[in-house]
Each structure stands twice: as C-alpha cells, then as structure tokens.
Trainee: 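Sharing a structure here in structure tokens format.
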Amino acid sequence: MAEWRHSDPGRPRQHHRVALLDLSPSQLQDLVLSIGEPSYRADQVYRWLYSSLVTNFEAMSNLPQTVRQRLSEIADLQNLVPVTSTLSSDGLARKVLFALPDGETIESVLMLYHERQTVCLSTQVGCPVGCVFCATGQSGFVRNLSAGEMVAQVLYFARQLKAEGRRITNLVFMGMGEPLLNYDATWQAVRTLTNPRGLNLGARRITISTVGVVPAIKRLKHEDSQVGLAVSLHAPTDGLRQSLIPLAGKYPLHELISACRDYVNYTGRRVTFEYALISGLNDSMEHAAQVAGLLKGLLCHVNLIPLNPSTDSAWQASSAERVRAFQRELRKRGVNATTRLRRGLDIEAGCGQLRSGHVSAMGAQDCVGRR
Ligand code: SAH
Ligand code: SF4
C-alpha cells in the first residue's frame, strides 16, 4: 500500500460566496446576468467547469479579466481539499480523504477496472441509518452533502484521470451516507454529472445504492432517467433485516419489494440487490432459498458481497466456499447472482469501510498512522 500526505490544507475558512457547482445551467445564467454580463458567458463558464475541468477563475481565458475578477469575488469553485490519498497495493483503487469548508471530512474512491474507471462517491457526512455492520453508519451522522460537494468529488478524479489520458466511465453512489435520505441534492448532482454539455456521464452507467427508503424509490421511478437502482437487502426476513438495518423497521420487506417491482415495471430496468454475506448470520442455504422466494419473478440481479469486517466488528465474512454455495443456490432457484470483486480492501476502501466520522474525530494524521 502506498500512502502520501498532501500539503497541509489547514481548515478552510467559512465564506458566503455562491457555490458554483450547486447551480443548474439556468441558475448559472442568472448569476452571470446578475453581474451585468450576457447570458452566453454562462455557457463559457459551464464549459470551463465541466469540460476543461479548471480549478480557478484565472484559467477561464475567454472571459474578460474584469469578469474573472468579479466571479472570484462572488462565487466559489468548491475545489475539494485532499488531505490524504491512499493507493491499494495492486494500484487499482485510490481512496481520498477530503476536507470540507466546515472542517468535516468525507472519503471517495476511484476504482480502476479493465477499460472502466468507476468513482464511488459520498452523499452525507456519516449516515443516520446506523447499519450495524457499516463503519460509516456506526460513526454517526453529521450532515447532508450539497449537490456541489458531490459533483466536486467526481471532478477531482476526472482531473486526475484526464492528466493520465483517461476518463470516468461509471459512478456509484455507494460511499458514505444514504443518498435517498438526501434526495434533492443527490438528484441535482446526477443532473449536473449527466449534462451533455458538461461531464456527460451516461445515466445507465450511474448506480444509486439505497438501504431501501420506500417513498424515495417511488419518487425515483418518475425521474425519467436511466440511472440504475441498487437496493441493500442483506436479509430475507424482516426480523433479521431489522437487526442489521434499524431503518428496516419502518419499511417492511413486502413494501420494499413491492416498490422495487413497481420500479422495474415502470422503468423497464432491472434492480440490483446487494447482499453482504456474514458468517453464520445470513448465509445459510435456507436464507438463499428465502431470498429466491422473495425475489421470485422480479427482473433483478443479486450482488453478493462477502462482509468487509471493520476492526471493531463482531462479525466475519462468510468463507469463499460458503459464498460460492450461496450463489449456486440462488442460481439453481432462478435468481441471477454474482459475487462482487473485493477491490481496495487493503486500503479500507471496500463497501462500508469509509469511516470519516472516526477520521475527523481523531484527526487525519492519526488515521493515516493506524492504517
Ligand atoms: N447507504 C447506501 C449506500 C452506501 S453503502 C446503502 O446502504 O445502500 C454501500 C453498500 O455497502 C451497501 O450495500 C451497504 O450495505 C454495503 N456495506 C456497508 N457496510 C458493509 C460491510 N462492512 N461489508 C460489506 N458491505 C457493506
Ligand atoms: Fe448508511 Fe448505507 Fe452504511 Fe447503512 S450501509 S449505515 S445506509 S451508509
């Protein structure tokens, strides 16, 4: 594992400038008009931000100097400050801890596959859901991220890849936080990231992962978008699921699966179900049979993830043999199932291991020392 520290960013100061990455194209136009500039300036700024990927107003060379100066006074480019970057030993996963202007921290991961570059981004600082196996959930909840703070994570990696002659191909909302409990900002970020005049990421290559916030799934199906939905299932019965996911008490399985069926019928897209296999807890052949029963007739795919145990977790991942048997059982019963590659595990970049709550509590230096 390679690790390095960026120059100490200090604590960025609070300010009240307009957060540029939060804005839709029409809001950007309003901003430009408000300083007495013609509306085409908004297009120019948009291209500088999302095509040229600049990090300062000075670089916007087709804007008059006075306009660059004025914009820098009233608007903020929301560049994220990287505190630490960690590279997995195989070089295929890069995790970055970012400092936010209010001193909070979040983590994002870039995963490099064959001809595929995927960014895993965070939507909240911590998470209010508190799943018992998830380091983020156990670290508590601080606040929602803004759309711009989500977009900024993607821009950071987009710049890095551009310098290497590559580009981001896929996005997964699977970092810290529950995206559907921060719906508006998450959706605003999706709009910005898919805008053809900007980063132009394909909606079909974006996946939003949710613990199963039923009203938000119902809302999502109306968005008229090809964005993929992944639902964290983890258990085939309400009792077991509620013992792992506190919020599951509010949305019982029959409601959740029914919302997923509606989603599939409405969008024509299959749903992915994520299932973390925990040794001796949810990984028996009976559990597999129950999962198959629950998902019967639903256009879906099950992604099996051997648990990424956090240091203070009481549970272990199911053995490789058990994972294979579980997958075989699902397939035998007609459910499409694969096992997720455990990329980035040595840098704690696996699912549920992003734990900035702990990081900010003990300071980044400590955290780097511990890993
Ligand atoms: N809040 C959303 C998205 C972020 S979590 C959700 O829960 O879906 C992304 C995925 O990582 C979820 O499927 C989550 O259940 C899974 N996950 C969390 N902790 C994990 C762990 N320790 N091992 C394996 N998967 C985990
Ligand atoms: Fe939140 Fe998802 Fe972690 Fe559960 S698994 S605590 S919903 S981030």
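Since the model is a prediction, treat every value here as computed from it, not as a measurement. Counting starts at 1 for both ligands and their atoms, in listed order.
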Trainee: Return yes when atom NZ of Lys221 has more than 12 non-hydrogen atoms of other residues, nucleotides or ligands closer than 6.0 Å, and no otherwise.
Mentor: yes
Trainee: Using a strict 4.0 Å cut-off to heavy atoms of Val211, name the atoms of ligand 2 that fall inside it.
Mentor: 7 (S)
Trainee: Can you sort out which atoms of ligand 1 are near Gly177, meaning under 4.0 Å from one of its heavy atoms?
Mentor: 1 (N), 2 (C), 3 (C), 4 (C)
Trainee: Could you tell me whether any N, O or S atom belonging to Cys134 is less than 2.8 Å from atom 4 (Fe) of ligand 2?
Mentor: no
Trainee: At less than 4.0 angstrom from any non-hydrogen atom of Gly175, what atoms of ligand 1 do you find?
Mentor: 4 (C)
Trainee: Show me the donor-acceptor pairs within less than 3.5 Å that the side chains of residues 293-302 make with the rest of the protein, sequence neighbours left out.
Mentor:
residue : atom : partner : partner atom : Å
His301  : ND1  : Asn336  : OD1          : 3.4
His301  : NE2  : Thr338  : OG1          : 2.8

Trainee: If you measure every N or O of Phe133 against every N or O of ligand 1, does any of those distances drop under 3.5 Å?
Mentor: yes
Trainee: Report whether any nitrogen, oxygen or sulfur of Cys127 sits less than 2.8 Å from atom 3 (Fe) of ligand 2 (N, O or S, backbone or side chain).
Mentor: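 Not a single backbone or side-chain N, O or S atom of Cys127 is under 2.8 Å from atom 3 (Fe) of ligand 2.
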Trainee: Salt bridge check: are Glu274 and Arg340 linked by an N-O gap of less than 4.0 Å?
Mentor: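 Arg340 and Glu274: salt-bridged.
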Trainee: Counting C-beta onward and ignoring hydrogens, is there a side-chain heavy-atom pair between Tyr50 and Arg197 closer than 4.5 Å?
Mentor: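 No, every pair of side-chain atoms sits at 4.5 Å or beyond.
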Trainee: Between Glu149 and Arg143, is the closest basic N to carboxylate O distance under 4.0 Å?
Mentor: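 Looking at Arg143 and Glu149, the cut-off is met.
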Trainee: Any idea which of Ser232, Ala135, Pro246, Cys131 brings a heavy atom closest to atom 5 (S) of ligand 2?
Mentor: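 Looking at heavy atoms only, Cys131 sits closest to atom 5 (S) of ligand 2.
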Trainee: Thr210 versus Ser232: any side-chain heavy-atom pair under 4.5 Å?
Mentor: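 Heavy-atom side-chain distance check fails, nothing below 4.5 Å.
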Trainee: What atoms in ligand 2 come closer than 4.0 Å to a heavy atom of Val129?
Mentor: 1 (Fe), 7 (S)
Trainee: So is His234 close enough to ligand 1, meaning a heavy atom under 4.0 angstrom away?
Mentor: yes
Trainee: Has Gly130 got any heavy atom lying under 4.0 angstrom from an atom of ligand 2?
Mentor: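 Contact check Gly130 vs ligand 2: positive.
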Trainee: Does Glu274 approach ligand 1 within less than 4.0 angstrom via side chain, backbone, both or neither, non-hydrogen atoms only?
Mentor: side chain
Trainee: Roughly how far, to the nearest 0.5 Å, is the CD atom of Glu58 from the CG atom of Leu63?
Mentor: 10.0 Å
Trainee: With heavy-atom distances below 4.0 Å as the criterion, list the atoms of ligand 1 near Ser232.
Mentor: 6 (C), 7 (O), 8 (O), 12 (C), 13 (O), 14 (C), 15 (O)
Trainee: So with a 6.0 Å cut-off around CD of Glu286, is the heavy-atom count from everything else above 12?
Mentor: no
Trainee: As an exercise, identify every atom of ligand 2 less than 4.0 angstrom from a heavy atom of Gly137.
Mentor: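 Listed by number with element, the hits are 6 (S).
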Trainee: List every atom of ligand 1 that sits less than 4.0 Å from any heavy atom of Thr210, numbering the atoms from 1 in the order shown and giving each element.
Mentor: 6 (C), 8 (O)
Trainee: Is a donor from one side chain sitting under 3.5 angstrom from an acceptor on the other, for Arg41 and Gln29?
Mentor: no
